[in-house]
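Presented below is the structure to which this report refers.
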Amino acid sequence: MDTNIGSLDSCKPTSNDVCCPANGTVSTIQGSVSPTIINSSEATLGRHLARRLVQVGISDVFSVPGDFNLTLLDHLIAEPGLNLIGCCNELNAGYAADGYARSRGVGACVVTFTVGGLSVLNAIAGAYSENLPLICIVGGPNSNDYGTNRILHHTIGLPDFSQELRCFQTVTCYQAVVNNLEDAHEMIDTAISTALKESKPVYISISCNLPAIPHPTFAREPVPFSLSPKLSNKIGLEAAVEAAAEFLNKAVKPVLVGGPKLRVAKACEAFVELADASGYAVAVMPSGKGLVPEHHPHFIGTYWGAVSTAFCAEIVESADAYLFAGPIYNDYSSVGYSLLLKKEKAIIVQPDRVVIGNGPAFGCVLMKDFLRELAKRLKQNNTAYENYHRIFVPEGQPLKAAPKEPLRVNVLFQHIQKMLSSDSAVIAETGDSWFNCQKLKLPPGCGYEFQMQYGSIGWSVGATLGYAQAVPEKRVIACIGDGSFQVTAQDVSTMLRCGQKTVIFLINNGGYTIEVEIHDGPYNVIKNWNYTALVDAIHNGEGKCWTAKVFCEEELIEAIETATGAKKDCLCFIEVIVHKDDTSKELLEWGSRVSAANSRPPNPQ
């Protein structure tokens, strides 16, 4: 049985409701498809690729021009449904495609051969780690140069053109080098469909002399993709559900914990169905924030070991059974491998596998199917939630600031909380914003994204550009540290060119604060910039932009009122000056534990 991509069970974009905000619907042309004949000037490789991108739901492609991709860019521009967005560098183009994919379900970037490809590689690796379908297109050498022993520019000076390809092989799930027209149609279609099926990036290199050439394989309107859905093994599914139900139904105070792989498994809705049916307390891992609705009646917060939200860790770690749906346990998410969990109490549900306690394990069982079937077999048990409700004490308010007192970070995020609505989305940069944004309570429909597995500083600038472009109806609120901003600041320029209305809070504390709390040294101190003046210079009177620099709560309140009032249709950049040692208590705890994990001595030989 085949299913059109647009009707696959993917979740609605940018919502914190019963769905996955970070994996939007990938759309195709629905219904009957007439074999429309395309005139020869449009029956080219370049136009075929452009039409395919539009078909799968991409309306914006992020690019940096280079001599090997210029003709291809001409053909992408010529496609009515496609908007080409020029970025300041390839790294940001890749980050923008990453942010776009989190909202739309798929993203794309176009760069030039080797100098562009190796520059975008870091962003592609991040998308791979986060299970994002991203199509990385590279303008490659002239097809006549392959196998000639010639040396080309933009290479490392060897006649072997495969260096870029070899680099991409480890961070993409499919690679297509298109240097002839005969199999170009098949290679492009296979690459794009593989990205969608595997939810991973793919690499497509297209020789620079091919995009403009007509070919019979491109003479008709491409038929929409039809992907065969993955299916669970019915016997394995039944056995897994039966074993899990027996395991959980005999527990006294079981809990559910949602993880980041709910997105790739397209199982967010099924997870909520299970929560509704079971009555269990529901928590989320830090990298899964935004995938589980925080307004759910049994939601108890973020489970992150020693730096969990208040009273969440106590409930999860004291449970006699816990089901983790789509977890990733790394040194960061486990706070330096310090989680107080026991394997024999856990059911681990991955996108296509279930492991119950110390065994048994069931393969070829899809998470979505497993959670839905399990919901039908569980007895209602709200003991863990009732325990949470009994011990819960509402969070206190930050100490009231004295008039003109230097602004504190906890006061800043108290005011950011008030800005959130169903029409907003939060992008949290690597650093202390990870911890402060975790404590934000997301209203229904509010998007939330951060890059925890890869943790590349500077990611948020490009990701904010891409995410905001994908959902212009939402106002993105980006929380970015000064050190991270210095890595990728240029593409604030592209946000202005695109007319975006993002609010950027630049948290200026004079250095790499997250690194300070892991291991301090003079290398964590950075040169201070006049960030508002920098953004004003980038603005240069073109586009809508407003900047402010705030030192105290009174100035912050005034700036937010302006950003959400008179300047609500502008890109608003608010530089927040805080003390270099003003960090969240969670970062202090997390940093010491990660430091301990990093500094373990070698095992005895």
Side-chain angles (χ1 to χ4, degrees), residues 285-287 289-290 301-302 304-310 330-336 395 398-399 401 406-417 419-420 426-442 448-461 463-464 477-489 503-521 523-526 528-529 531 550-551 553 556 573-595 597-598:
M285 296 184 77
S287 47
K289 186 177 175 71
T302 297
W304 199 354
V307 296
S308 300
T309 54
N330 61 27
D331 51 341
Y332 276 15
S333 67
S334 67
V335 197
E395 289 183 25
L399 292 174
L407 187 61
R408 299 191 305 272
V409 171
N410 56 12
V411 173
L412 165 65
F413 278 89
Q414 182 184 29
H415 289 283
I416 291 177
Q417 175 69 66
M419 299 174 67
L420 303 185
V426 176
I427 304 287
E429 177 57 86
T430 301
D432 200 21
S433 291
W434 274 5
F435 303 91
N436 288 305
C437 289
Q438 277 293 329
K439 292 181 281 189
L440 294 173
K441 295 175 175 58
L442 303 180
Y448 185 92
E449 292 295 343
F450 78 131
Q451 190 196 52
M452 186 170 190
Q453 173 60 39
Y454 200 57
S456 184
I457 67 167
W459 161 85
S460 65
V461 177
T464 295
I477 299 169
C479 301
I480 309 175
D482 50 348
S484 296
F485 187 73
Q486 288 194 7
V487 179
T488 49
V503 180
I504 296 175
F505 286 98
L506 188 285
I507 302 167
N508 185 348
N509 55 12
Y512 298 123
T513 303
I514 191 170
E515 312 290 3
V516 168
E517 303 309 331
I518 296 173
H519 184 100
D520 201 4
Y523 31 77
N524 290 324
V525 179
I526 61 176
N528 190 36
W529 293 0
Y531 294 97
V550 303
F551 295 85
E553 185 177 17
L556 175 66
F573 183 90
I574 302 173
E575 181 181 352
V576 182
I577 310 298
V578 298
H579 192 277
K580 66 182 181 67
D581 294 324
D582 186 358
T583 65
S584 64
K585 71 179 183 66
E586 290 82 8
L587 175 55
L588 296 175
E589 175 72 28
W590 179 89
S592 64
R593 289 174 182 258
V594 170
S595 176
N598 286 353

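Each residue takes its place number in the sequence, starting with 1.
- K289 contributes a side-chain N or O that, together with a main-chain N or O of L440, makes up a donor-acceptor pair within less than 3.5 Å.
- The distance from atom CZ of R408 to atom CG of L556, rounded to the nearest 0.5 Å, is 12.0 Å.
- At least one side-chain heavy atom of I477 sits less than 4.5 Å from a side-chain heavy atom of M419.
- Using modelled atom types, one side-chain atom of T464 and one backbone atom of S460 make a donor-acceptor pair closer than 3.5 Å.
- The two residues G458 and E429 come nearest to each other via the heavy atoms N-OE1, 3.1 Å.
- With sequence neighbours left out, E589 forms a salt bridge (Lys or Arg N to Asp or Glu O under 4.0 Å) with R593.
- Across all non-hydrogen atoms, the minimal contact from I427 to W459 is CG2-CZ3, 3.8 Å.
- Residue F573 holds its CZ atom at 8.5 Å from OH of Y531, rounded to the nearest 0.5 Å.
- Nearest heavy-atom pair, V409 versus N436, reported as atom, atom and distance to 0.1 Å: CG1-ND2, 3.5 Å.
- Remark: P406 pairs with no residue by the side chain to side chain contact (heavy atoms under 4.5 Å, CB included) rule, at least two apart or across chains.
- For the residue pair N330 and S333, a side-chain donor N or O sits within less than 3.5 Å of a side-chain acceptor on the partner.
- Residues Y448 and C437 meet the side-chain proximity criterion, which asks for heavy atoms closer than 4.5 Å.
- Of all heavy-atom pairs between H519 and N524, the closest is O-ND2, 3.1 Å.
- Taken to the nearest 0.5 Å, the NZ atom of K439 stands 3.5 Å off from the CD atom of E586.
- For the atom pair L407 CG and I577 CD1, the distance stands at 9.5 Å (nearest 0.5 Å).
- Ring geometry for F450 versus W434: interplanar angle over 60°, hence perpendicular rather than tilted (30 to 60°).
- Between W304 and V335, the shortest heavy-atom contact is O-CG2, 3.2 Å.
- Distance CD/E395 to CG/N410: 11.0 Å, rounded to 0.5 Å.
- Between the side chains of N509 and D582, no donor-acceptor pair is found at a separation under 3.5 Å.
- Using a distance-only test at 3.5 Å, with no hydrogens or angles considered, no donor-acceptor pair links the side chain of E517 to the main chain of W590.
- Looking at heavy atoms from C-beta onward, D482 lies in side-chain contact with L506 at the 4.5 angstrom threshold.
- Side-chain atoms of Q451 do not come within 3.5 Å of backbone N or O of T430 as any donor-acceptor pair.
- Checking N508 against E575 by side-chain atom types alone, a donor-acceptor pair falls below 3.5 Å.
- Under the 3.5 Å distance criterion, the side-chain polar atoms of T309 are matched with a main-chain donor or acceptor of T302.
- Results of the side-chain contact (heavy atoms from CB on, under 4.5 Å) test with Q438 over S584, P286, S433 single out P286 as the only residue that passes.
- One distance of note links CD1 of I518 with OH of Y512; it measures 13.5 Å at 0.5 Å rounding.
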